[in-house]
Amino acid sequence: MKLFKFLRNRSAIETVEAAIVMPIAILVMLATINLGLVVFGQQAVQSAARHGARMGSVAQVCPACYAVREARGAIENAGIVQNPGVAILSAGGGAGSILKIRVTGEVPNFFGGLSALFPGLPSGPFRLNGEATFRQEGW
């Protein structure tokens, strides 16, 4: 009988509804934030690759050295990407040659622990990479 009195009380029903809805709302909010971090991180690695390749393409001496230094500085200044890496895919050199660079990194995954409960979710951090290609300038 006391159970039915509890269910007839309007504030009790609102409390039960809130207890059911709040975890779902928090998960949706965390998923949105995690997606935003991934998109921002992807933009950061792509921008760093573009910046590094551009700076290397206008360097007159050791374009690969300039490209790596500038890309590393750009990705570290972004502040969101963890474990950044920079690789030269094509070193450039003389005027008209191709300079290609790849910037990689990781963004944390808030839902890594839930992959045991939900097999479709990724378990580790999100891996990001960006590439850029510029033609070596010369004058």
Side-chain angles (χ1 to χ4, degrees):
M1 283 301 202
K2 288 187 177 191
L3 177 64
F4 293 116
K5 279 185 181 180
F6 176 74
L7 291 178
R8 277 189 236 139
N9 187 351
R10 183 75 179 153
S11 64
I13 291 175
E14 291 170 356
T15 303
V16 171
E17 288 174 357
I20 293 170
V21 171
M22 283 303 284
I24 296 169
I26 289 171
L27 281 175
V28 168
M29 184 177 61
L30 282 175
T32 304
I33 291 170
N34 208 8
L35 177 65
L37 287 174
V38 170
V39 170
F40 183 71
Q42 181 61 41
Q43 291 297 318
V45 295
Q46 187 63 43
S47 177
R50 245 188 340 266
H51 179 69
R54 176 67 185 143
M55 292 296 110
S57 73
V58 297
Q60 295 299 308
V61 179
C62 192
C65 302
Y66 280 97
V68 168
R69 185 184 71 204
E70 293 295 324
R72 189 170 303 279
I75 197 62
E76 287 174 358
N77 285 338
I80 188 153
V81 178
Q82 300 172 349
N83 304 324
V86 179
I88 296 293
L89 304 177
S90 177
S97 62
I98 299 295
L99 174 69
K100 188 169 185 177
I101 188 169
R102 177 183 295 146
V103 177
T104 60
E106 297 176 345
V107 172
N109 181 5
F110 295 143
F111 297 106
L114 294 178
S115 63
L117 297 174
F118 303 103
L121 292 176
S123 60
F126 293 104
R127 289 173 178 37
L128 310 170
N129 69 28
E131 292 182 6
T133 304
F134 274 78
R135 190 168 297 279
Q136 183 70 36
E137 296 181 8
W139 51 87

If you look only at distance, which donor and acceptor atoms sit under 3.5 Å apart when one is on a side chain in residues 66-75 and the other is two or more places apart or in another chain?
{"unit_1": "Glu70", "atom_1": "OE1", "unit_2": "His51", "atom_2": "NE2", "d": "3.1"}

Do you reckon [X] sits in the same ILVMFWY cluster as [Y], going by side-chain contacts under 4.5 Å, direct or chained?
X	Y	answer
Phe40	Val107	yes
Val103	Leu37	yes
Ile98	Val58	no

Looking only at non-hydrogen atoms, find the nearest pair between [X] and [Y] and report the distance.
X	Y	answer
Phe134	Arg50	CE1-O, 3.7 Å
Ala59	Gln136	O-NE2, 2.9 Å
Pro108	Pro125	CA-CB, 4.4 Å

Quiz: residues 78-88 side-chain donor-acceptor pairs under 3.5 angstrom, not counting sequence neighbours:
{"unit_1": "Asn83", "atom_1": "ND2", "unit_2": "Glu106", "atom_2": "OE1", "d": "2.9"}

Answer yes or no: is there a side-chain heavy-atom contact under 4.5 Å between Thr133 and Leu99? no
Mind jotting down which residue pairs meet the disulfide bond (SG atoms under 2.5 Å apart) criterion with at least one end in residues 67-102? Sequence neighbours excluded, please. none
Among Val45, Val38, Val39, which residue meets the side chain to side chain contact (heavy atoms under 4.5 Å, CB included) test with Gln42? Val45
Scan the side chains in residues 18-31 for donor-acceptor partners under 3.5 Å anywhere in the protein, sequence neighbours excluded, and list what turns up.
none

Does Arg102 have any side chain to side chain donor-acceptor pair (under 3.5 Å) partners at least two apart in sequence or in another chain, and if so, which? Glu131
For Asn109 and Gly124, indicate whether the former's side chain and the latter's backbone hold a donor-acceptor pair under 3.5 Å. yes
List, by chain and then residue number, the residues other than Leu89 in its hydrophobic cluster (Ile/Leu/Val/Met/Phe/Trp/Tyr, side-chain heavy atoms under 4.5 Å); write none if there are no others. none
